[in-house]
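Following: one structure in structure tokens, then a few remarks.
So that the names make sense, note that chain A is the first sequence line, chain B the second, and so on, each numbered from 1.
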2 protein chains.
Amino acid sequence: MADQKRITSVDVARLAGVSQSTVSRTFAGDTRVKPETRERVLSVAKEVGYVPNFIARGLSAQTTNLVGIVMADVASMFYPYVLQEFVRALQKRGKHALVFNVRSDGNADDVLQETLQYQVDALIIAASTVSDEMVEACARTDTPVFLFNRTLPHVNSICVDNYQGGRQIADLFVRNEYENIGVLTGIEDTQTNQQRQSGFLGRLAEHGVAPSYRAQGDYTYKSGYAAGRSLFNSDVALDAIFCASDAMAIGLMDAARDAGRTVPEDIAVAGFDGIPVADWAANSLTTIEQPMDALVKGTLDWMDKTLASPDWKTQPPRVKLLPGTLMQRRSTSLPEIIVAE
Amino acid sequence: MADQKRITSVDVARLAGVSQSTVSRTFAGDTRVKPETRERVLSVAKEVGYVPNFIARGLSAQTTNLVGIVMADVASMFYPYVLQEFVRALQKRGKHALVFNVRSDGNADDVLQETLQYQVDALIIAASTVSDEMVEACARTDTPVFLFNRTLPHVNSICVDNYQGGRQIADLFVRNEYENIGVLTGIEDTQTNQQRQSGFLGRLAEHGVAPSYRAQGDYTYKSGYAAGRSLFNSDVALDAIFCASDAMAIGLMDAARDAGRTVPEDIAVAGFDGIPVADWAANSLTTIEQPMDALVKGTLDWMDKTLASPDWKTQPPRVKLLPGTLMQRRSTSLPEIIVAE
DNA sequence: CTGAAAGCGCTTACAG
DNA sequence: CTGAAAGCGCTTACAG
């Protein structure tokens, strides 16, 4: 009950009859420590329940093994999984995630300061944007920054190829001979949305097709449902519609059903993201699946390599694009194809 | 480019013509610092871009403002939201989340060690279990532990009232005059599952009803769909079924649709959790909604109070149960009721 | 209201 | 292979 002092390396050293340096070296895995000494230290440590203090180590070694992860609370249902993947993958690499949240409409500057105060070894920013000044500040403190699923010219970025994904959906629509084509966009000025749109519309134009309907949502199920309601209450007749997120696409499909329309017979629907719900039987949504594991692994490998190279600050920032995967499901299949499988 | 030394409080002190102590006090918000001095320090700090080093502060002040959050990667879709809420709420309180992941079938011991090494001020364990020894270890290092949505006799726990929730569903079923009642359980030996089951079955028994069907899933959509398939392929005819998670309930409903059954006319379905997808139009699932905000806030308020009270270790651990909310939706409504609304 | 100084628990040259 | 000692950047009695 009494505040018995925390056990430190000094205590272990005394008990094991060695110097504090030796205890430190033992736990650092220094191979110069004689095996017998090592054993003795470890056994004493175990006995008294000693574990090294990472905070002290951080101060002294100037490296915390902490990685800051900044996430916006996005409505898209993709990011919770991303966060979980990062936490898990970091753990495997002996690092740990210090997680920060920013409002999806704000930028990450507010919290970046705090992140740096914790002396994180690196910073991963997902689903929000950063100012150039903040990037500067990170550089000053030798903290490499990685943008996840967003690109910025002066920052290392890793991102699914939204543009290419949009093109793939366009190709699919043309291949399926849909003629009256609509599009449900995400939040207008997000990079993600712009890229998905410009890929989709650009490729459509190359095929000589122009969309005949256009509405805007905010990536959420709710906005998709609302868009669907007004679409199906109108006299617009579409063969197919591309939605900038899976959640919106599912909302729109539910609205279709509630309005007595059948997917894909009355209207084909495609989304983007590849969230688990998209593959549920009731939805079976055609979509571009984000290569989540590759994105996460790519980010962390890149980070590791950067941290290991002493001259990383001299290297120009790069943007890495990873292709998504077209998942063709029943929401765009023609009836015959369904029968065929 | 060159490794210009990090700016420390000593630099600021020199530039501002005060002692390092004064700089420290200024940033600690010490009211004894003369306003003019304070201004000067802050302006110099701003000019040179100084911010306090939290790691050093942590070592010195023996408090890191770090809270460890241990999460299992549960299939239930409830926890990603919980994590996001914790991160956000902690940030508001000037604390930060160090997030750890454990396999859902393991216990938290493996990572707890690491958590303690980071000298977290407190530990929140969600969706996994801990050994008594580990709880001991936490006590030794003065780290209060809170179990989230799980209870253990020797640990502070905060949890939705699973038992009561099960009873509410039973009452609803009886009220709706369902006679042939089934149950789809979660993973057999999880506490959550046991409590939901015993509440449900116990209350049913009090009404003189015994379930006529029972299957087991693992909380996932997939397992719910599979259970539904085999149920609807059998000659069992049920009026209603209670599933131990929303994801399973939705899977089962999708299987029902695919088998040509109508919900709730052919079979009524209820779940547990209150995940956002449950409220989507296509599902409209009756469920017990977890009081997520109250659970998170309750945990953090409790944590704050504990950290503020010097004698917290002498207080016996408590278990706090919060009631869930019955959300009656179309998956259990009788046809007439639907018409009525 | 302010400063000098000890101390938090490690790492890491340096010397042997 | 090991130890003595400086130092990481703060906080916080203690003294004035």
Side-chain angles (χ1 to χ4, degrees), chain A residues 3-42 44-45 48-66 114 116-121 141-142, chain B residues 3-42 44-45 48-66 114 116-121 141-142:
Chain A
D3 260 359
Q4 68 256 52
K5 256 185 58 205
R6 255 179 164 96
I7 295 151
T8 72
S9 58
V10 174
D11 302 319
V12 175
R14 190 170 22 78
L15 262 34
V18 297
S19 73
Q20 184 272 331
S21 313
T22 297
V23 175
S24 175
R25 289 199 185 96
T26 300
F27 278 92
D30 192 320
T31 52
R32 293 174 309 183
V33 178
K34 199 190 342 183
E36 296 94 281
T37 314
R38 180 188 171 72
E39 289 313 315
R40 189 146 36 90
V41 169
L42 288 178
V44 169
V48 298
Y50 166 78
V51 287
N53 177 329
F54 282 175
I55 296 297
R57 169 182 292 178
L59 220 209
S60 172
Q62 302 281 47
T63 166
T64 54
N65 285 329
L66 251 28
E114 305 181 57
L116 294 178
Q117 296 191 264
Y118 276 108
Q119 315 296 112
V120 295
D121 290 347
T141 55
D142 289 321
Chain B
D3 258 1
Q4 69 258 50
K5 257 184 55 204
R6 257 180 163 96
I7 295 152
T8 71
S9 58
V10 174
D11 302 320
V12 175
R14 190 170 22 77
L15 261 34
V18 297
S19 73
Q20 183 272 332
S21 313
T22 297
V23 175
S24 176
R25 289 198 186 98
T26 300
F27 278 91
D30 191 320
T31 51
R32 292 174 310 182
V33 179
K34 197 186 350 175
E36 295 95 283
T37 314
R38 179 187 171 72
E39 288 313 316
R40 189 144 36 90
V41 170
L42 287 179
V44 169
V48 297
Y50 166 77
V51 287
N53 177 329
F54 283 175
I55 298 297
R57 168 181 295 177
L59 220 209
S60 172
Q62 303 281 46
T63 165
T64 54
N65 284 329
L66 250 29
E114 306 182 55
L116 293 179
Q117 296 192 264
Y118 276 108
Q119 316 296 114
V120 295
D121 290 347
T141 56
D142 288 322

**Message:** Distance check needed: C/dC10 C1' versus B/Gln119 CD, whole Å only.
**Reply:** 11 Å
**Complete:** Considering only heavy side-chain atoms of A/Ala61, the closest of C/dT12, C/dC10, C/dT2 is C/dT12
**Prompt:** To the nearest Å, how far apart are A/Phe27 CZ and C/dT12 P?
**Reply:** 16 Å
**Prompt:** Which stems, defined as runs of 3 or more consecutive Watson-Crick or G-U wobble pairs with both pairing distances under 3.5 Å, involve DNA chain C?
**Reply:** C:1-3 with D:14-16, C:5-12 with D:5-12, C:14-16 with D:1-3
**Request:** Identify which nucleotide among C/dG9, D/dG9, C/dG3 has an atom closest to any side-chain atom of B/Thr22, counting heavy atoms from C-beta outward.
**Result:** C/dG3
**Asked** Hey, does A/Val18 reach any base, or is it just sugar-phosphate, or nothing, if we go heavy atoms under 4.0 Å?
**Response** sugar-phosphate
**Prompt:** Closer than 4.0 Å, any side-chain N/O of B/Tyr118 to the OP1 or OP2 of C/dC10?
**Reply:** no
Dump every N/O contact between nucleotides 13-16 of chain D and the protein below 3.5 Å, one line per pair.
residue : atom : partner : partner atom : Å
D/dA13  : N6   : B/Arg25 : NH2          : 2.8

**Asked** Is the base of D/dG7 touched by the side chain of A/Ser60 through a donor-acceptor pair closer than 3.5 angstrom?
**Response** yes
**Request:** Figure out the CG/P separation between B/Asn65 and D/dC10, and round it to whole Å.
**Result:** 15 Å
**Message:** Looking at B/Asn65, is its backbone amide N or carbonyl O close enough to the side chain of B/Asp121 to form a donor-acceptor pair, meaning the two atoms are under 3.5 Å apart?
**Reply:** yes
**Prompt:** Quick one: are A/Val41 and A/Phe27 in side-chain contact, heavy atoms under 4.5 Å?
**Reply:** yes
**Complete:** To the nearest angstrom, the CD-C1' distance between B/Glu39 and C/dC1 comes to 16 Å
**Prompt:** Under a 4.5 Å cut-off applied to non-hydrogen side-chain atoms, are B/Thr37 and B/Thr26 in contact?
**Reply:** no
**Prompt:** Whole-Å distance between D/dT12 C1' and B/Arg57 CZ?
**Reply:** 13 Å
**Prompt:** Is the shortest side-chain N/O distance from A/Ser19 to OP1 or OP2 of D/dG3 below 4.0 Å?
**Reply:** yes
**Asked** According to a strict under-4.0 Å criterion, is B/Gln62 in side-chain N/O contact with OP1 or OP2 of D/dT12?
**Response** no
**Request:** Using heavy atoms to find the nearest nucleotide of DNA chain C for B/Arg40 and B/Leu59 separately, return the residue whose nucleotide is more 5′.
**Result:** B/Arg40
**Item:** Value in whole Å for how far the P atom of C/dC10 lies from CG of A/Asp30
**Value:** 16 Å
**Prompt:** Under 4.5 Å between any side-chain heavy atoms of A/Phe54 and A/Leu66, yes or no?
**Reply:** no
**Prompt:** Within a strict 4.5 Å, meaning less than it, do heavy atoms of the A/Asp11 and A/Val48 side chains meet?
**Reply:** no
**Item:** Backbone N/O of A/Gln119 and side chain of A/Thr64: donor-acceptor pair under 3.5 Å
**Value:** yes
**Item:** Flag side-chain contact, heavy atom, 4.5 Å: B/Tyr50 against B/Leu42
**Value:** no
**Prompt:** Under a 4.5 Å cut-off applied to non-hydrogen side-chain atoms, are B/Val18 and B/Val23 in contact?
**Reply:** yes
**Message:** Please compare A/Gly17 and B/Ile55 by the position of their nearest nucleotide in DNA chain D and report the one closer to 5'.
**Reply:** A/Gly17
**Item:** A/Arg25 (side chain) donor-acceptor with A/Val33 (main chain) under 3.5 angstrom
**Value:** no
**Prompt:** Starting at CD of A/Glu36 and ending at C1' of D/dT2, how long is that distance when rounded to a whole Å?
**Reply:** 13 Å
**Request:** Could you tell me the separation between the CD atom of B/Gln20 and the P atom of D/dT12, rounded to a whole number of Å?
**Result:** 12 Å
**Message:** Counting the atoms with a prime plus P, OP1 and OP2 as sugar-phosphate, which does B/Val33 contact under 4.0 Å by heavy atoms, base, sugar-phosphate, or nothing?
**Reply:** sugar-phosphate
**Message:** Under the rule for side-chain contact (heavy atoms from CB on, under 4.5 Å), what residues qualify as partners of A/Val51, not counting sequence neighbours?
**Reply:** B/Gln113, B/Gln117
**Atom C1', compared across D/dT12 and D/dG16: separation rounded to whole Å** = 16 Å
